[in-house]
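Input: a single structure, listed below in C-alpha cells.
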Amino acid sequence: MIDPNLIRQHLDETAAQLARRGLTLDCARLQALESERKSLQTECERLQHERNQISRKIGIAKADGEDIEPIKTKVTGISERLQKLTGKLDGVQNELTEMLLGIPNIPDTTVPDGAGEDENLEIRRWGEPQKLDFQAKDHVALGASLGMLDFELAAKLSGSRFATMSGPLARLHRALIHFMLDVHTREHGYKEWYVPYIVNADSLLGTGQLPKFSEELFALQRADNERPAYLIPTAEVPLTNLLRDEIINAEELPRCYVAHTPCFRSEAGSYGKDTRGMIRQHQFEKVEMVQFVAPEKSSDALETLTGHAETILQKLKLPYRVMSLCAGDLGFSACKTYDLEVWLPGQQAYREISSCSNFKSFQARRLQARWRNPENRKPELLHTLNGSGLAIGRTLVAIMENHQDRHGTIHIPEVLQPYVGGMSKIG
RNA sequence: GGAGAGGUGUCCGAGUGGCCGAAGGAGCACGCCUGGAAAGUGUGUGUACGUCACAAGCGUACCGAGGGUUCGAAUCCCUCCCUCUCCGCCA
C-alpha cells in the first residue's frame, strides 16, 4: 500500500507518477471520499468525547448517590446519533481502504518510461550466446530424447502445465536447489529458512497478492468454518511475512533470508503463452532471496541482491542480460525491478529467469514490518526486497539448451558436478 | 480427536464493569556515581489516526480478531483465530 498521506497531501503529484504505469487514478473520487472521511471522523470523535465525558459523570454521580436517570437519557440521544454517523464513516473508510489497496506502488524515479515489455531497458549483458555448428534443440526435444522429461505423463496425473522428470535429470534438478542455497548462504550471507507452503489470506495481503490477484492463486478447499488457505505462489510470501507485525532493532539489519520452496500458480490469463515445455508451469521450484533493510539502504540493496542472482548464472556459465523494467511493466507491488533474462538457444531468445525488486515500504506498510530508528527511537517501516536466485525449472532448461552438444548430450557445469556425484554429462 | 489453561505495551507480568493507556519489573534513552566499566541511583520511554506547522497541546481508537450487553468494557456474553499442558492417534 502506498502512503495514505500521499493521497491526502500530494494527490496530483502521486497521480502523475502513477500515470507512468499507465494507471489513471480516480482523483475526484478519492478527494470526495477523503473530505467526507475527514468531516465524519471529526464529528464522530467529538460525539465520542461528549459521551465519554458524561459517562464519567454518571460514575461519579452514582458514587455520590445522586439520581442518574436524567443524565442517562441525554447520553442515549448522543449514542443514537453516533451510531448513525459511525455507520456512515465505516462505509466511507472501507471504500477508501479498498481503493488504496488497489493502487500499485509508485515507480522509482530511475525506472525508465514505457508502456510494456518491449520498452524495458537493457542495462548490461554477461557472456556470449554460443555459436553452435548444429541446430540447437529446445529442452523439450532434448528431454524427450533422453527419456527423462515427460509432459504427457504429467498431464495424465494432473493436467496441462505440469512435468515429470526422472533419473539423472531429476537429480540435476535437485542439485540446482542445493547449489543455489549453498552459494547464497556461504558466499552472500543469507540465512536459510524452511517455511510453510500453505498460507492464510493475511499473508497474501501483506505481500500484495491479495486482494487484487486471487485468480493467480490455488485456493484450498477446507472444512466448514475454516478460513481459506492458499498454496504459495512464491517463497516471497512466507519469507516476507516472517516480519509481519514485528519491530526489530537497527543492529539486526539488514536481514537476508533465503529459502527453497515449490511455487504454485494457476497462470490464469496466460492461455496460449509458453504452452510448450517447462517455462510456465503450475508447479515449479524456486530459490528465493528476501531482504529487509533500513529505508536509505534499499536502493543499494537492490543492486547487490541482483548481483547475487547474477552470480548463480555466471557460475553456471549461462549468458544473460539484465533488464530494468519500464514503468508500464512493473509488478503491482514493485517500485523498481531488474529482470535477469537467460539466453535460450532453443528459442533463440533471452527469457526471464529471475526478477529482483525493491518494494520500498509498500509491502512493509501492509505487513506493519518495522524497525526502531536509533535517531528518534520511533518504529518506522522497513524496506523489503526480493529476487529469485533462481527459478529452478528455468535454470534447468537453460543448462540443457546452452550446454547441449550435437548428440543431444547435456554437459553439466563444473560447479554442479560435486552435487551430482561427480557426473559430468547426461546422455 | 478428547480434557483443561491461556492470549495485555519492545519483552515479562498485574489488573473481573467507572479518570486504566493500563501497576510492577526488564529493556532502551539521558543524567548522577566511577580512572573506566559493572553494580547502584534519578528521570524519561506504546502505536495509529484527527485537529495542527508530520511542534506543543487537545481529542479519538487500540489489552488476539470480530460482534453483543451497558450511560460506561482489558474486565460480562457470543463467534472465530492462535498458543500451552495432559490423553489418544500418527509421518
Side-chain angles (χ1 to χ4, degrees), chain A residues 1-11 13-14 33-97 100-101 194 196-206 210 220 222-230 238 241-253 255 292 295 361 364-382:
Chain A
M1 191 161 78
I2 63 169
D3 187 345
N5 280 320
L6 290 175
I7 297 299
R8 296 195 185 114
Q9 289 160 18
H10 308 286
L11 186 55
E13 295 109 283
T14 305
L33 280 170
E34 176 55 25
S35 74
E36 206 182 346
R37 190 222 94 229
K38 196 178 261 188
S39 66
L40 280 171
Q41 183 169 341
T42 312
E43 181 61 7
C44 277
E45 290 186 357
R46 197 187 61 75
L47 284 171
Q48 282 171 326
H49 176 56
E50 212 174 313
R51 183 202 59 195
N52 290 346
Q53 291 294 315
I54 299 175
S55 291
R56 227 166 258 174
K57 270 190 212 149
I58 290 179
I60 298 164
K62 208 173 160 189
D64 292 347
E66 291 173 26
D67 180 19
I68 56 173
E69 285 310 315
I71 327 181
K72 268 196 187 179
T73 52
K74 199 172 158 195
V75 166
T76 312
I78 295 173
S79 293
E80 278 166 9
R81 266 164 66 205
L82 193 57
Q83 207 168 11
K84 265 190 212 154
L85 281 179
T86 46
K88 252 173 138 178
L89 181 62
D90 285 348
V92 170
Q93 252 160 356
N94 286 341
E95 191 178 341
L96 208 49
T97 47
L100 279 168
L101 283 174
Y194 171 81
Y197 305 155
I198 295 174
V199 293
N200 56 33
D202 283 343
S203 294
L204 289 156
L205 201 70
L210 288 179
L220 299 175
R222 306 180 95 185
D224 289 346
N225 276 336
E226 292 222 53
R227 304 219 166 152
Y230 303 85
N241 274 278
L242 289 170
L243 289 200
R244 169 147 56 92
D245 296 321
E246 302 284 344
I247 300 172
I248 63 175
N249 291 322
E251 57 269 24
E252 298 174 71
L253 293 175
R255 289 228 179 153
F292 302 88
S361 60
R365 184 168 292 105
R366 292 167 169 236
L367 292 159
Q368 286 301 298
R370 296 177 292 177
W371 68 302
R372 204 173 281 283
N373 187 341
E375 279 176 31
N376 54 14
R377 306 291 313 147
K378 293 280 183 201
E380 291 177 7
L381 294 172
L382 284 162

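Quantities reported herein were computed from a predicted structural model and do not represent experimental measurements. Every chain is numbered from 1, with letters handed out A, B, ... down the list of sequences.
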Want to settle it: does A/E34 or A/C44 sit nearer the 5' end of RNA chain B, counting the closest nucleotide to each?
A/E34

Please figure out whether A/I58 or A/P4 has its closest RNA chain B nucleotide nearer the 5' end.
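First, find each residue's nearest nucleotide; the 5'-ward one identifies A/P4.
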
Between [N] ([atom2]) and [X] ([atom1]): distance, integer Å:
{"X": "A/K74", "N": "B/U70", "atom1": "NZ", "atom2": "P", "answer": "21 Å"}
{"X": "A/E252", "N": "B/U10", "atom1": "CD", "atom2": "C1'", "answer": "11 Å"}
{"X": "A/N373", "N": "B/A29", "atom1": "CG", "atom2": "C1'", "answer": "14 Å"}
{"X": "A/E80", "N": "B/G72", "atom1": "CD", "atom2": "P", "answer": "11 Å"}
{"X": "A/D245", "N": "B/C81", "atom1": "CG", "atom2": "P", "answer": "19 Å"}
{"X": "A/E251", "N": "B/U10", "atom1": "CD", "atom2": "C1'", "answer": "12 Å"}
{"X": "A/E380", "N": "B/U10", "atom1": "CD", "atom2": "P", "answer": "15 Å"}
{"X": "A/R244", "N": "B/G64", "atom1": "CZ", "atom2": "P", "answer": "17 Å"}

Separation of A/L47 CG from A/T42 OG1 (nearest 0.5 Å):
11.0 Å

Roughly how far apart are A/Q41 CD and A/E34 CD, rounded to 0.5 Å?
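Separation between the atoms: 9.0 Å.
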
Residues two or more places apart in sequence or in another chain: which of them pass side-chain contact (heavy atoms from CB on, under 4.5 Å) with [X]?
{"X": "A/E380", "result": "A/W371, A/N373, A/N376"}
{"X": "A/H10", "result": "A/L6, A/E13, A/T14"}
{"X": "A/I71", "result": "A/I54, A/I58, A/A61"}

Between [M] and [N], how far apart are the [atom1] atoms? Round to whole Å, please.
{"N": "B/A14", "M": "B/A74", "atom1": "C1'", "result": "12 Å"}
{"N": "B/G6", "M": "B/G67", "atom1": "P", "result": "25 Å"}
{"N": "B/C28", "M": "B/C12", "atom1": "C1'", "result": "15 Å"}
{"N": "B/A26", "M": "B/G13", "atom1": "C1'", "result": "10 Å"}
{"N": "B/G15", "M": "B/G2", "atom1": "C1'", "result": "33 Å"}
{"N": "B/U10", "M": "B/A22", "atom1": "P", "result": "15 Å"}
{"N": "B/G66", "M": "B/A56", "atom1": "P", "result": "29 Å"}
{"N": "B/G40", "M": "B/G25", "atom1": "P", "result": "13 Å"}

Under the side-chain hydrogen bond (donor to acceptor under 3.5 Å, both in side chains) rule, collect the residues that match up with [X], sequence neighbours excluded.
{"X": "A/E80", "value": "none"}
{"X": "A/E95", "value": "A/R29"}
{"X": "A/S203", "value": "A/N200, A/R244"}

Partner set under salt bridge (charged side-chain N to carboxylate O under 4.0 Å, His left out) for A/R366, not counting sequence neighbours:
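None.
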
Would you sort out whether A/R8 and A/N5 count as a side chain to side chain contact (heavy atoms under 4.5 Å, CB included), showing the intermediate values?
CA-CA 5 Å; A/R8 296 195 185 114; A/N5 280 320; 3.3 Å; yes

Can you sort out which residues in residues 84-92 of chain A have a heavy atom within less than 4.0 Å of RNA chain B? Ascending by number, please.
none

Please evaluate residues A/L253 and A/L382 with respect to the criterion side chain to side chain contact (heavy atoms under 4.5 Å, CB included), reporting the C-alpha separation (whole Å), side-chain torsions for both, the decisive distance (0.1 Å), and the verdict.
CA-CA 10 Å; A/L253 293 175; A/L382 284 162; 3.6 Å; yes

Could you encode protein contacts along nucleotides 51-59 of chain B as a string, one character per nucleotide from 5' to 3', using B for base contact, S for sugar-phosphate-only contact and - for no contact, with a heavy-atom cut-off of under 4.0 Å?
S-------B

[X] vs [Y] side-chain heavy atoms within contact, under 4.5 Å:
{"X": "A/S361", "Y": "A/D3", "answer": "no"}
{"X": "A/L243", "Y": "A/L367", "answer": "no"}
{"X": "A/Q93", "Y": "A/L33", "answer": "no"}

Set out, line by line, the N/O atom pairs under 3.5 Å between protein and nucleotides 44-48 of chain B.
{"residue": "B/U47", "atom": "OP2", "partner": "A/K378", "partner atom": "NZ", "Å": "3.4"}

Dot-bracket notation for RNA chain B, counting Watson-Crick and G-U pairs under 3.5 Å, with | for partners on another strand
((((((((.[[[..)..(.....]]]((((((.......))))))((((((.....)))))).[[[[[..)....]]]]])))))))....

Pair listing, salt bridge (charged side-chain N to carboxylate O under 4.0 Å, His left out) test, anchored in residues 45-56 of chain A, at least two apart
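Qualifying pairs: A/E43-A/R46, A/R46-A/E50.
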
